[in-house]
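So the structure is just underneath, and the comments pick up after that.
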Amino acid sequence: MTQPALFISHGSPMMAVQQSATSDFFTSLGQTLKTPSAIVIFSAHFDIANDKTTHDIVITAGNAPQTIHDFYNFPAHMYQILYPAPGEPVLANTIAQRFSTKGIKAVLDAKQGWDHGVWIPLRLMYPAANIPIVQVSINTRLGAKAMYEYGQLLAPLRDQNILIIGSGGISHNLPEIFKKPPTPNRVQMVNEFTQWVEKKLITQNTQALLNYLNEAPYALFNHPTVEHFLPLFAALGSGNGKAKKIHDDIEMDILALDAYKFY
């Protein structure tokens, strides 16, 4: 059984407790996909760019990783939510070996837990928390091309009924949310950027996407930092080129929550 690759925008941590169009989408998505035997996920919140060691990538390898509440000043009950999905150390080792064959230094980490880019969408998709997960780090120091190549290395796993997910945000400008007064044309800048991304994905213009910092309209406004966009490239590399937009929504006026399936 072959699984698709997905890019999902996981939105605010409040999605864990507030119903919205996007939370409903995640619930429906989990019900409509064929049940995977395991999930491999790249999250915006597992970035090792500032790690002072020499490895390029970190892979979770624990049997029962903990739930990480990596957000601040949210309601107290948010910090009590657990997502006890198991890890999959054997799959983690297989992934590390795949990277090793290409000279990419991978480290297996038995202590790293599930950050909120993992557990918030997966808790909605698979509330039973019974599907094993392996989380693979991103690296903002290496950029889009490296993440795309990481996805390509893992693409064959899809033929083993393993679902590959990139979890980030199709746009992610948090400072703008709190800016007073707001940038006058910010909605237009988000729309032009997300429409450009959609067009390039649907027409399979991977080269333009990899060069998005130079080609996409308002790239730096939509992503002042790149960590929420890079998981898209891991998902894109994991697919077979074809992309389908499966969800769109806007949160807090300008945070676009588009999702794509690659198959």
Exercise. Going by atom types only, do S37 and Q160 share a side-chain donor-acceptor pair under 3.5 Å?
Worked result: no

Exercise. Side chains of T194 and D258: do they bring a donor and an acceptor to under 3.5 Å?
Worked result: no

Does [X] have its ring centroid less than 6.0 Å away from the ring centroid of [Y]?
X    : Y    : result
W119 : H10  : no
F193 : H223 : yes
F233 : F229 : yes

Seminar exercise, completed: Exactly one of L163, V134, I95 clears side-chain contact (heavy atoms from CB on, under 4.5 Å) with L157, and that residue is I95

Exercise. In a check of side-chain contact (heavy atoms from CB on, under 4.5 Å) between N191 and each of Q195, M189, Q188, which one passes?
Worked result: Q195

Heavy-atom side-chain contact between [X] and [Y] under 4.5 Å:
X    : Y    : result
I120 : S167 : no
H45  : H228 : yes
T35  : I131 : yes
N173 : N222 : no
W114 : L122 : no
M15  : E251 : yes

For this session: Ignoring hydrogens and angles, tell me if any N or O in the side chain of D47 forms a donor-acceptor pair with the backbone of T140 under 3.5 Å.
Result: yes

For this session: Would you name the heavy atoms of P65 and P86 that are closest together and state the gap between them?
Result: CD-C, 4.3 Å

Exercise. Which atoms form the tightest heavy-atom contact between Y126 and P36, and what is the distance?
Worked result: OH-CD, 3.5 Å

Exercise. If two hydrophobic side chains count as joined below 4.5 Å and joins carry through other members, does Y260 share a cluster with V226?
Worked result: yes

For this session: Please report the C-alpha distance between T60 and I133 in whole Å, then the side-chain angles of each, then the deciding distance to 0.1 Å, and finally whether the side-chain contact (heavy atoms from CB on, under 4.5 Å) criterion is met.
Result: CA-CA 9 Å; T60 61; I133 301 169; 5.7 Å; no

Exercise. What is the ring orientation for Y79 with F71, classed by angle as parallel under 30°, tilted 30 to 60°, or perpendicular over 60°?
Worked result: tilted

